[in-house]
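Since the structure is predicted, the reported quantities are computational estimates derived from the model, not experimental observations. So that the names make sense, note that chain A is the first sequence line, chain B the second, and so on, each numbered from 1.
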Amino acid sequence: MTAAGFSPQAGEESAEELAAAQLRRQVARQFGRSLHIRTLDTGSCAACEQEIRLLAAPHYDLHRLGLFFTPAPRHADMLLVTGPMIRAFDVAVRKTYEAMPGPKLVVATGACALGGVYQPDAFTHGGAGEMLPVDVWIPGCPPSPLALLQGLLVAVGRLAEKSRTMTFVQNGNPR
Amino acid sequence: MPLWFARGLRRGVVTTRYPAQRDPSAADLPTPPAFCAEKLTREVADQLCQACPCGALSRAGDALTFDAGACTACGRCAQAVPGAVTRSGEFELAATRREHLIKQIPLVGESER
């Protein structure tokens, strides 16, 4: 009963939505072999950056998956956003997003960017979704490198999303 | 010539799969809570909502709303009501829509009266 409230009804998808889904699959197929990522810190505590940095370490080794970090937004296919989107970064965020060539993906990383920790106020927008069109949301505070890897592969269509069917309810034997 | 190189040329697969096997370190990761359905009354739900520091939990009528995206896995809900909350063990939580992370959990007691 819980999942049904949020899942779009199968028969009700319009032609535009179907075309958008098809385009998204095509883009994902292209990015599935090689994807360059630009990280954007919009006021995070740097815990997310710590985990993102670990992705390049030998244990996780994201390069084997065809994913690479790039220092320039003009070379990037994906914007990996951390932090609660502080208002002082408005210009920088807009310029970074506009400098990226299309098609581009935006991934919001961590509880701050998902709107969990900071509410919108005079200093922050309270989440990446307020400023950017986010394609994939990666929860966690901070998300572990394994969770980040899964999120990146969901973004390029190489793994299926798991969270949609999770209930966070445990029945029986309460400890 | 290494075998994997020849295999890659033959099949056209240039990158490897994830995960090759289950990572043992995943068992120790902090994960969002899982709620024991039969212990969730309105009072317990209110206690949980009060314990949550980041607004991931809220109650509306007979349902507890859990926002896994806002959850920082701090474990304060499990401390507040030890019997009703356990570890979910789920860390691969990436979602393509924000709504997929917001879960409605039905409460017991009220509807049975």
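Within the structure, every pair that satisfies the side chain to side chain donor-acceptor pair (under 3.5 Å) test and touches residues 89-103 of chain A, not counting sequence neighbours, is listed here: D90(A)-H125(A).
Heavy atoms of V169(A) lying under 4.5 Å from chain B belong to its backbone as well as its side chain. For chain A, the nearby parts of A95(B) are the backbone and the side chain; heavy atoms of each come within less than 4.5 Å. Contact of L101(B) with chain A is made through the side chain alone, with heavy-atom distances under 4.5 Å. Heavy atoms closer than 4.5 Å to chain A are found in the side chain of S88(B), but not in its backbone. Only the backbone of P33(B) comes within contact range of chain A, with heavy atoms under 4.5 Å apart. Contacts between A37(B) and chain A at a heavy-atom distance below 4.5 Å involve backbone atoms as well as side-chain atoms.
In this structure, CD in Q170(A) is found 12.0 Å from NZ in K39(B), a value given to the nearest 0.5 Å. The structure places CH2 of W137(A) at 12.0 Å from NE2 of H100(B), a figure rounded to the nearest 0.5 Å.
By the 6.0 Å contact criterion, CG on L3(B) is open, its count of non-hydrogen atoms from other residues, nucleotides or ligands being 12 or less. More than 12 heavy atoms of other shown residues, nucleotides or ligands fall within 6.0 angstrom of atom CZ in R87(A). Crowding of Q50(B) atom CD: a count of heavy atoms from other residues, nucleotides or ligands under 6.0 Å not exceeding 12.
Closest approach of F91(B) to S144(A), counting heavy atoms only: CD1-OG, 4.1 Å. The shortest non-hydrogen separation linking L93(B) to M166(A) is CD2-SD, 3.4 Å. Taking every heavy atom of both residues into account, E161(A) and A94(B) meet most closely at CG-O, 3.3 Å. Minimum heavy-atom separation, K103(B) to T165(A): NZ-N, 4.4 Å. G69(B) and P139(A) get closest at one heavy-atom pair: CA-CB, 3.8 Å.
Partners of F35(B) according to the ring pair (Phe, Tyr, Trp, His ring centres under 6.0 Å) rule, which considers only residues two or more places apart in sequence or in another chain, are F66(B). The side-chain hydrogen bond (donor to acceptor under 3.5 Å, both in side chains) test applied to T82(A) returns E49(A), not counting sequence neighbours.
Residues L153(A) and V27(A) fall within the same hydrophobic cluster, defined by Ile, Leu, Val, Met, Phe, Trp and Tyr side chains chained together at heavy-atom separations under 4.5 Å. At a threshold of 4.5 Å between side-chain heavy atoms, the hydrophobic network of Ile, Leu, Val, Met, Phe, Trp and Tyr places V107(A) and L40(A) in two separate groups. L148(A) is connected to F69(A) through a chain of hydrophobic side-chain contacts under 4.5 Å among Ile, Leu, Val, Met, Phe, Trp and Tyr, so both are in one cluster. Note on L152(A): it clusters hydrophobically with L159(A), by side-chain heavy-atom contacts below 4.5 Å among ILVMFWY residues. The cluster map of Ile, Leu, Val, Met, Phe, Trp and Tyr, joined by side-chain heavy atoms under 4.5 Å apart, puts V156(A) and L55(A) in the same cluster.
Among the residues in residues 109-121 of chain A, those with a non-hydrogen atom closer than 4.5 angstrom to a non-hydrogen atom of chain B are A111(A), L114(A), G116(A), V117(A).
Using a 4.5 Å heavy-atom threshold, the side chains of E92(B) and V154(A) count as separate.
The choice from V136(A), I138(A), V134(A) that makes the most heavy-atom pairs within less than 4.5 Å of chain B is V136(A).
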